[in-house]
Amino acid sequence: MYANPLRVGLETERVAPPCAFVIFGASGDLTRRKLIPALYNLNVSRLLPASFAMIGFANTESTTEQFRENMHVGTAQFSRRKPVEDATWLDFASRLHYVTGTFEDAAAYARLREKLEELDQTAGTRGNRIYYLAIPPSLFPMAIENLAKAGLVSDPNDRSRFTRIIVEKPFGRDLASGDALNHQLHKGFAESQIFRIDHYLGKETVQNLLAFRFGNEIFEPLWNRNHIDHVQISVAEDIGVEGRGKFYEEAGTTRDIVQNHLLQLLMVMAMEPPAAFEADAVRDEKVKVLRALRPIVGESVSKLTVRGQYAHGSFAGKPVVGYREEPNVSPHSMIETYVAMKLEVDNWRWAGVPIYIRAGKRLTKRSTEISIHFKRVPHSLLSPKEPITPDVLALRIQPDDGISLRFMAKVPGPSMILRPVNMDFHYGTTFAESSPEAYERLNLDCMLGDPTLFARADEVSAAWRFITPVIEAWQHGVQPTFPNYHAGTWGPDDAARLIERDGRAWRRL
């Protein structure tokens, strides 16, 4: 019997069960820019369950019709699929609803419960609930407590229905607050019901790193201290704080990017092969990486870390203000907008391999990349008079998603002259379609009950356990001279010296 070629790939297609998706803080920017466009695109791709409804919950007075119109405007502006087709939108909009209420008002949760029970009957959502907390962490305890009091959280052992909650970063400000947040979440939900979202893990290239490592025989045998000289992980942004001065004054680049996004990239790059591609098996290996990070404490903080803050400069030929001139930022702010660190993972695979990380705002260009720098050949047999450039494997996360391998090749001609060349793979040209947005993948995974790409409580604690001593040392140590790099450059000079004193240089992005 021959297999039907039209069924190729469909055997692994995942179908989400019926559910109601409730967004707390639905009048905020995240809902309009990311969440609703993501759900709309899932609907276009026929990945939403047939029995699906979405409820926006916020203290902004609005009717369901007004909410639908506002979300239409946001989707038309921010969806990766343009233009938004009227017929497709009408079908999707019919699933959108709105409940007005404050997070401390018990009566509002009663109205939410009535609406959910109504949708169980009219939309067939079967008592399955997903709550998305697109609200400040300070409001989490209130929302969790009122959800429980209103009877809106099902028993995690009840197989007839499910309740899940999605939590946006930041997951605390340090180890103590991160653990306190986990404790608050566990008051209302079991760990199996909690989905801590980091949108970097929803990016196609980050997921492809797992496929690249564990789906190919060529590179995994080389993925260790015997062949790799060092690793660089960069998260560069060309924008400033974009009106988020108040938030950034509390977070800085360390809390905003390093503790979550950058360490997530590190874990995926450095983890051991899991026993199976299952949520706990994958997350177990990720946590082991964090626990193996050599602590940066005491005097080593000044030697292994660099902070920066951007001054005024220019980008694309236009002048831009410095961080201290941004709205809602103190003119004497000592908050970092740039961080570079030298890390070491003390385990069998990575011992002795330095990992250099950097993240910053108002840099020369936007680029997120992991680059694996292999060791030099032990003897320049073919080109004894010229040093052979070491091979580099670069995994581009954004904006030009893809993988590039730089290796040595002979220049055409009668002499044995070697030059580095690149072999490139680009997502856009290879697959001829735009990659799904991270929030599409992650929201769908939550509907499916798959927590593989979400952070677990012990993972959050381990990340804060490593970062918190660095933050505390900065707070109590000698303060750098801020600002110390101009907008439109690659950061402070000390960041270049951090890697150059080891005889290496930052890769040009």
Side-chain angles (χ1 to χ4, degrees), residues 14 16 19-49 52-58 67-68 70-82 84 88-89 92-93 95-96 129-137 164-171 194-210 235 237 239 242 244 247 256-257 260-261 264-265 268 279 366 368 397-399 401 427 433-455:
R14 304 183 300 170
C19 65
F21 196 99
V22 182
I23 299 177
F24 285 87
S27 60
D29 209 38
L30 178 65
T31 302
R32 185 174 63 94
R33 283 176 173 265
K34 296 293 185 181
L35 301 184
I36 294 300
L39 293 173
Y40 166 78
N41 280 301
L42 287 174
N43 190 56
V44 173
S45 300
R46 300 180 183 274
L47 292 173
L48 283 183
F52 175 85
M54 204 286 298
I55 300 176
F57 184 99
F67 178 66
R68 289 172 177 173
N70 289 337
M71 295 305 103
H72 183 221
V73 173
T75 303
Q77 183 176 359
F78 298 110
S79 171
R80 67 182 174 89
R81 288 187 170 106
K82 291 183 174 66
V84 172
T88 307
W89 174 259
F92 175 69
R95 304 166 180 241
L96 304 183
R129 321 281 194 234
I130 294 175
Y131 304 116
Y132 199 117
L133 299 188
I135 56 178
R164 297 169 189 144
I165 188 166
I166 302 177
V167 184
E168 272 281 347
K169 76 172 187 72
F171 311 123
I194 302 169
F195 289 69
R196 299 171 188 83
I197 192 168
D198 185 333
H199 71 271
Y200 260 55
L201 286 182
K203 292 181 180 294
E204 283 289 332
T205 322
V206 177
Q207 298 167 54
N208 198 55
L209 177 55
L210 292 171
V235 180
E237 298 180 288
I239 60 173
E242 298 295 289
R244 297 192 305 156
F247 163 77
D256 184 40
I257 297 176
N260 39 76
H261 299 333
Q264 287 290 349
L265 296 179
V268 175
R366 174 176 175 256
T368 299
I397 311 299
Q398 63 183 14
D401 303 7
Y427 269 92
E433 61 178 88
S434 61
S435 298
E437 290 285 344
Y439 282 97
E440 295 175 40
R441 170 64 188 268
L442 295 173
N443 285 335
L444 178 61
D445 278 359
C446 182
M447 294 179 207
L448 292 161
D450 182 356
T452 304
L453 299 177
F454 294 83

*Between Arg81 and Ser45, does a side-chain hydrogen bond (donor to acceptor under 3.5 Å, both in side chains) hold up when you go through it step by step?*
CA-CA 11 Å; Arg81 288 187 170 106; Ser45 300; 2.9 Å; yes
*Distance in Å, Asn443 CG paired with Leu47 CG, rounded so as to fall on 0.5 Å steps*: 12.0 Å
*Worked check of side-chain contact (heavy atoms from CB on, under 4.5 Å) between Ile257 and Glu237*: CA-CA 11 Å; Ile257 297 176; Glu237 298 180 288; 3.4 Å; yes
*Can we say Lys169 and Asp256 salt-bridge, meaning some charged N sits less than 4.0 Å from an Asp/Glu carboxylate O?*
yes
*Are side-chain heavy atoms of Trp89 and His72 found at a separation under 4.5 Å?*
yes
*Rounded to the nearest 0.5 Å, what's the gap from CG on Asn70 to OG1 on Thr75? Could you check?*
10.5 Å
*Any idea how Tyr40 and Phe92 line up, ring-wise: parallel (<30°), tilted (30 to 60°), or perpendicular (>60°)?*
perpendicular
*Note, Met447 side chain near Cys19 side chain (heavy atom, < 4.5 Å)*: yes
*Considering all heavy atoms, the nearest Ala76-Val84 contact*: CA-CG2, 3.8 Å
_To the nearest 0.5 Å, what is the distance between CZ on Arg33 and OG on Ser79?_
14.0 Å
*In sequence, state the C-alpha distance, the side-chain angles, and the governing distance for Val268 and Leu210, and then conclude on side-chain contact (heavy atoms from CB on, under 4.5 Å).*
CA-CA 7 Å; Val268 175; Leu210 292 171; 3.8 Å; yes
*Any side-chain heavy atom of Ile130 within less than 4.5 Å of one from Val22?*
no
*Can you check whether Leu96's main-chain N or O pairs, donor with acceptor, with Arg68's side chain at less than 3.5 Å?*
yes
*Of the non-hydrogen atoms in Leu453 and Gln207, which two are nearest, and what is the gap between them?*
CD1-CD, 4.0 Å
*asked:* Any salt bridge linking Lys203 with Glu437? Criterion: basic side-chain nitrogen under 4.0 Å from a carboxylate oxygen.
replied: no
*Listed by chain and number, what are the ring pair (Phe, Tyr, Trp, His ring centres under 6.0 Å) partners of Tyr200, not counting sequence neighbours?*
His261
*How far apart are the closest heavy atoms of Arg32 and Asp29, and which atoms are they?*
NH2-OD1, 3.0 Å
*For the side chain of Asn208 and the backbone of Glu204, is there at least one donor-acceptor N/O pair under 3.5 Å apart?*
no
_The single option from Thr31, Val167, Leu30, Ile165 passing side chain to side chain contact (heavy atoms under 4.5 Å, CB included) against Tyr132_ = Leu30
*Can Asn43 and Thr88 be counted as having a side-chain donor-acceptor contact under 3.5 angstrom?*
no
*For residues Ile397 and Val235, determine if any side-chain heavy atom of one lies less than 4.5 Å from a side-chain heavy atom of the other.*
no
_Looking at every non-hydrogen atom in both residues, tell me the closest pair between Pro37 and Phe78 and how far apart they are._
CG-CB, 4.3 Å
*What's the spacing between Phe52 CZ and Leu39 CG if we round to 0.5 Å?*
5.0 Å
*Closest non-hydrogen atom pair between Ala279 and Pro451, with its separation*: CB-CG, 3.5 Å
*Hey, could you give me the CG/CZ distance between Leu133 and Arg196, rounded to the nearest 0.5 Å?*
11.5 Å
*Measure across Leu35 and Ala134 and return the closest heavy-atom pair with its distance rounded to 0.1 Å.*
CD1-CB, 4.4 Å
*asked:* Using side-chain hydrogen bond (donor to acceptor under 3.5 Å, both in side chains), reason through Asp445 and Thr452 one step at a time and then give a plain yes or no.
replied: CA-CA 8 Å; Asp445 278 359; Thr452 304; over 6 Å; no
*Supply the atom-to-atom distance Thr368 OG1 to Leu265 CG, rounded to the nearest 0.5 angstrom.*
7.5 Å
*asked:* Quick one: does any side-chain atom of Glu168 pair with a main-chain N or O of Ile135 as donor and acceptor, under 3.5 Å?
replied: no
*asked:* Any side-chain to backbone donor/acceptor pair from Arg129 onto Phe21? Under 3.5 Å, distance only.
replied: no
